[in-house]
Amino acid sequence: MNKNKTWSDRFEESLHPTIAIFNASIGFDIELIEYDLTGSIAHAQMLAHTGIISSIEAQQIVDGLEQIRQEYRQGNFNPGIDQEDIHFAVERRLTELIGDVGKKLHTARSRNDQVGTDLRLYLRDQISQIQKAIRDLQGVLVKQASEHIETLIPGYTHLQRAQPVSLAHHLLAYFQMLERDWQRLGEVRRRTNTCPLGSGALAGTTFEIDRHYSAKLLEFDQVYANSLDGVSDRDFAIEFLNGSSLIMVHLSRLSEEIILWASHEFGFVSLTDRCATGSSIMPQKKNPDVPELIRGKTGRVFGHLQALLVMMKGLPLAYNKDLQEDKEAVFDTVKTVKISLEVMTILLEEGIEFKTNRLNQAVNEDFSNATDVADYLAQKGVPFRQAYNLVGKVVKHSLSSGKLLKDLTLEQWKEIHPAFESDIYNAITPRQVVAARNSYGGTGFEQVRAQLQDAIDLLGQSS
Ligand code: ARG
């Protein structure tokens, strides 16, 4: 008989080789190994604490598991497809190392609560790493913002020139989005940090275990109150994919802006050689591959979220093998979000240079000060809607004569409305247009300085 067989003596034949490949998750769940070892160590210690195994046995098990950790770290633990998954692979190796005592590890436990524990340990760790990467990106945004408070950039709605804004204001909008991402992940982490260990296969166990003990060893904040829920809940993974999708939405929007800004048509930024690529045929090209790839990778993260939602929707309680599909979705998302945050940080740090001359020219070449003319009249008592219509006519005439608002003579202004005085010229300079928007959260320089200080304080507090 095959001494490496997986199942009980109920099975006489081994698995069809193709089905063995199809069934196995070891190809990807090796990612969980360190968490599996940590979870098993806590389980063994709990078994000793409750007297289910002796403390000598527990110590042998813990030593064996630590040895496997060393083997893995040295590259000497490479289980094959015949091991099916990481849980079996570790248990087998443990038994090879320490003999029959190794077979006691799985007392009062199932792979169902085991894999749930591993995935949560993995994810809470990864979430903390992603939160750190978000903070790094926020740090670079703050740095760029502090250098560009007085740099003006056209602000758009409908991708039409709307009103000029401080470039710092624009960059700090992304700081705020990322702040929500950071907080959202913190909330997800809190719910992820719930321990299913001891739920058994689905119904709990006949052994007098102490779930709170193992949960405490593993630094979980709480334990699942219901064993069926414990082994079949993947809400935390879906919440993580949702939080990740929103991070990618934000990175993708920023990417799209950088791509536009780097185009000849906008010309607001240039890309540095270290962060851009060339074309294999067109020697003049410099391509924004980095933001394009971030934008492109966003789709796969959304796909993983969708995959998990659909996978879960029809599952009866409790564990079903479908749940094995959660791993690749989560692992790939972790990898994608981390690298995307990291490269965006590099891109903002040393990959783009704002072309301040071109930006200055841009904010001086359009009608994005038209609202300010209407506001000027409204402040002198003309009802805003009436002022708005008057300015609309002026814009129309100016457009047909190829002139800008600043080109009108004072007589022309007065013909439009007698309330205009010579201070209209100052009121419509881009600098004044920006400075005047001093409402809370607006782009006025005072507001932007305050916003920047808050951002700096926030980063200081949480580091
Ligand atoms: N490899 C499995 C997974 O990832 C582990 C749990 C298997 N449990 C079972 N009853 N077949 O979900």
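Note that ligands are numbered from 1 as they come in the structure, with each ligand's atoms numbered from 1 the same way.
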K.L.:
Determine which pairs satisfy ring-ring contact (aromatic ring centres under 6.0 Å, His included) with at least one residue from residues 22-63, sequence neighbours left out, and list them in order.
P.N.:
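Qualifying pairs: Y35-Y122, H49-Y213.
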K.L.:
Could you check, using the six-membered ring where one of them is a Trp, whether F354 and H148 have ring centers closer than 6.0 angstrom?
P.N.:
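F354 vs H148: aromatic centres under 6.0 Å.
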K.L.:
Scan side-chain atoms only and decide if T194 and Q222 contain a donor-acceptor pair under the 3.5 Å cut-off.
P.N.:
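Looking only at side-chain atoms, Q222 and T194 do form a donor-acceptor pair, the distance falling under 3.5 Å.
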K.L.:
Can you confirm if the NZ or CZ of R124 lies within 45° of the ring axis of F220 and under 6.0 Å from the centre of its six-membered ring?
P.N.:
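Ring-cation test returns yes.
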K.L.:
Run the salt bridge (charged side-chain N to carboxylate O under 4.0 Å, His left out) test on R234 and D326 for me, step by step, so that the C-alpha distance in whole Å, both residues' side-chain angles and the decisive distance to 0.1 Å come before the verdict.
P.N.:
CA-CA 8 Å; R234 292 295 182 272; D326 60 4; 2.6 Å; yes
K.L.:
Taking only heavy atoms of the protein into account, state which residues are under 4.0 angstrom from an atom of ligand 1, in chain and number order.
P.N.:
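Residue list for ligand 1: S25, D85, H87, R111, N112, V115, Y319, Q324, K327.
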K.L.:
For A44 and A58, which heavy atoms make the closest approach, and how far apart are they?
P.N.:
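Looks like O-CB, 3.8 Å.
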